[in-house]
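What follows is a set of notes on a single structure, which appears directly below.
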Amino acid sequence: MLHKWGRPSSIISLTGWQMIVAGVELSIVAAFLGDIPATITAANLLGFVLIALVVTALAFALWFFAIQSAGAASVAPLLLMTPLTAFALDAVFNGVVPSVIQSIGVAVVIASLLLSQHIDRRAFRIAHHHAKSARQEAREQANAMARPDGRQAGPAPEQKAEFK
């Protein structure tokens, strides 16, 4: 999708559009299933606003900011923290005592998170040799304009350093 439409102007606008689309889709499903409250009170509206803005929009904005800053491969393992957080909150606030199997599951998730932070991701990168970056295209345009015959002037200094 990014190749077709390009990067969004901001993470906040991307998050906002995703929230609008998801809200419309879920409203249609709720109306179809008849899961609409008979009356809406001020407490309900406050709850909707808190869930929409704080819990959902802020979380999405932070998630996309983290992906943009650190990369998807570094941030994706943190999704495993979602069930662990729910599990821990359930134990703290509701007094649920974890079983042996659940404790083993928590240990496996934590071990996989720790392991994922030590894997050399360079070996798993996808080669993008078929698609040129904006920097490569700008360099080619500059080289084509610099030479009257249209041939490239040669690799950029950072490319020479890669082949030494």
**Asked** Which heavy atom in L84 sits nearest to a heavy atom in V109, and how many Å separate them?
**Response** CD1-CG1, 3.4 Å
**Request:** Determine whether V100 and V108 fall in the same hydrophobic cluster, where Ile, Leu, Val, Met, Phe, Trp and Tyr are linked whenever their side-chain heavy atoms lie under 4.5 Å apart.
**Result:** yes
**Message:** In this structure, would L46 and V54 fall into the same cluster of hydrophobic residues linked by side-chain contacts under 4.5 Å?
**Reply:** yes
**Complete:** Taking every heavy atom of A76 against every heavy atom of W63, the minimum-distance pair comes out as CA-CH2, 4.1 Å
**Message:** For the CZ atom on F87, are there more than 12 heavy atoms of other groups (residues, nucleotides or ligands in this structure) within a distance under 6.0 Å?
**Reply:** yes
**Request:** Flag yes if V24 and F48 sit in one hydrophobic cluster, no otherwise; membership is Ile, Leu, Val, Met, Phe, Trp, Tyr, and two members link when side-chain heavy atoms are under 4.5 Å apart.
**Result:** no
**Closest non-hydrogen atom pair, M81 against L113** = SD-CD1, 3.2 Å
**Prompt:** Is there a path from I67 to F65 through hydrophobic residues (I, L, V, M, F, W, Y) whose side chains come within less than 4.5 Å of each other?
**Reply:** yes
**Request:** Provide the closest heavy-atom pair for L80 versus S112 in the form atom of the first, atom of the second, distance.
**Result:** CD1-OG, 3.6 Å
**Request:** Show the numbers, then the answer: is there a side chain to side chain contact (heavy atoms under 4.5 Å, CB included) between T56 and I51?
**Result:** CA-CA 6 Å; T56 308; I51 288 174; 4.0 Å; yes
**Prompt:** To the nearest 0.5 Å, what is the distance between CG (L78) and OG1 (T85)?
**Reply:** 10.0 Å
**Pairwise distance CD(Q18) to CZ(F60) - rounded to 0.5 angstrom** = 6.0 Å
**Request:** Identify the heavy atoms of A66 and V75 that sit nearest to each other, and give their distance.
**Result:** O-CG2, 3.4 Å
**Fill in**
On a heavy-atom basis, the closest approach of N94 and D90 is ND2-OD1, 2.6 Å
